[in-house]
Amino acid sequence: MNIEERRADKISIIVPCYNEEACIEIVYAETAAAMEAFTEKEQVSYEIIFVDDGSRDGTLKALRELAAAHTREAAQVRYLSFSRNFGKEAAMLAGLREATGDYLVLMDADLQHPPALLKNMYHAVKYEGYDCCAGLREDRTGENPIRTFLSRSFYHLIGNACHLDMGDGKGDFRMMNRAMTDSILELKEYNRYMKGIFSFVGFDTKWIPFHNT
Ligand code: UDP
Ligand code: MG
């Protein structure tokens with residue numbers, strides 16, 4: 001690696017993908033644009049790790065092409081691929097294990113998690129003393145009201161039962177530092193529920209509100 005290319009921090013962005021062929025190109029473009037807006041100036045490098053969770057459409061082909069086209073050390077695209085569908089939890093875990101960054105992002109492939117938030121998330125974990133900065137979905141516009149009611153009731157019930165803070169709107173979309181990530185990776189759970197684990201491991205989280213798209 002060229003010495004000039006070495007940057008102070010590295011951010012790893014993990015994107016689980018199940019049958020997302022229609023989204024891959026656009027989520028890459030939006031994410032790269034959001035990252036290029038601050039990473040060069042702030043001497044940050046990044047990698048985007050897509051995890052193909054056994055998709056049956058053209059997702060894997062799209063990921064191969066994307067990874068081949070973006071090999072630059074400071075802005076790399078990589079992918080993992082499962083032999084079958086294991087579920088989003090397993091895909092996120094595999095991505096976290098594979099990632100080499102100082103800061104780690106979990107983000108959906110369908111742009112429901114706006115990449116434009118990544119810059120503020122980085123500033124929160126880098127300069128404001130937080131271990132984690134997460135998105136707080138403020139409304140459920142466009143969602144079936146019955147689903148909204150059921151989701152709210154579910155999180156209320158399960159939060160009370162487990163004494164964990166897994167409030168409605170608190171999802172997986174977040175940037176974590178290495179310390180928090182390593183404590184998640186050290187847990188021996190086989191069947192994981194990441195939203196519970198984030199709360200269980202403690203650590204200081206800043207919430208940034210965003211709207212459903
Ligand atoms: N996903 C996955 N494996 C699955 C189901 C979903 O990796 O078995 C991914 C999916 O491609 C997306 C994210 O997990 O990037 C969230 O999935 P989805 O949008 O279906 O969930 P929701 O928006 O309802 O939370
Ligand atoms: Mg979605």
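Just follow the structure's listing: the first ligand is 1, and inside any ligand the first atom is 1.
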**Message:** Just verifying a value: how many Å separate Thr59 OG1 and Leu66 CG, rounded to the nearest 0.5 Å?
**Reply:** 11.5 Å
Protein N/O near ligand 1 N/O, under 3.5 Å, which pairs?
| residue | atom | partner | partner atom | Å |
| --- | --- | --- | --- | --- |
| ligand 1 | 3 (N) | Asp53 | OD2 | 2.6 |
| ligand 1 | 3 (N) | Lys88 | N | 3.4 |
| ligand 1 | 8 (O) | Asp53 | OD2 | 3.3 |
| ligand 1 | 8 (O) | Asn85 | ND2 | 3.0 |
| ligand 1 | 11 (O) | Pro16 | O | 3.4 |
| ligand 1 | 11 (O) | Tyr18 | N | 2.8 |
| ligand 1 | 11 (O) | Glu20 | OE2 | 2.6 |
| ligand 1 | 15 (O) | Pro16 | O | 2.7 |
| ligand 1 | 15 (O) | Ala109 | N | 2.8 |
| ligand 1 | 19 (O) | Asp110 | OD2 | 2.7 |
| ligand 1 | 23 (O) | Gln112 | OE1 | 2.7 |

**Prompt:** With a 4.5 Å heavy-atom cut-off, do Leu118 and Ile11 have their side chains touching?
**Reply:** no
**Asked** How about Phe149: does its CZ atom have over 12 heavy atoms from other parts shown lying under 6.0 Å from it?
**Response** no
**Item:** Cation-pi check, Arg84 onto Phe86 ring (under 6.0 Å, within 45° of axis)
**Value:** yes
**Asked** How about the Mg ion (ligand 2), which protein N, O or S atoms come within less than 2.8 Å?
**Response** Asp110 OD2, Gln112 OE1
Result block: side-chain N/O donor-acceptor pairs under 3.5 angstrom for residues 101-108, not counting sequence neighbours:
| residue | atom | partner | partner atom | Å |
| --- | --- | --- | --- | --- |
| Asp102 | OD2 | Lys10 | N | 2.7 |
| Asp108 | OD1 | Lys88 | NZ | 2.9 |

**Request:** Check for a donor-acceptor pair, side chain of Glu47 on one end and backbone N or O of Thr100 on the other, with a separation under 3.5 Å.
**Result:** yes
**Request:** Using the side-chain hydrogen bond (donor to acceptor under 3.5 Å, both in side chains) rule, collect all pairs that involve residues 13-28, keeping only residues at least two apart or in two chains.
**Result:** Tyr28-His70
**Check: Val44 main-chain N/O paired with Arg7 side-chain donor or acceptor under 3.5 Å** = yes
**Request:** Just say parallel, tilted or perpendicular for the rings of His123 and Tyr127, cut-offs at 30° and 60°.
**Result:** tilted
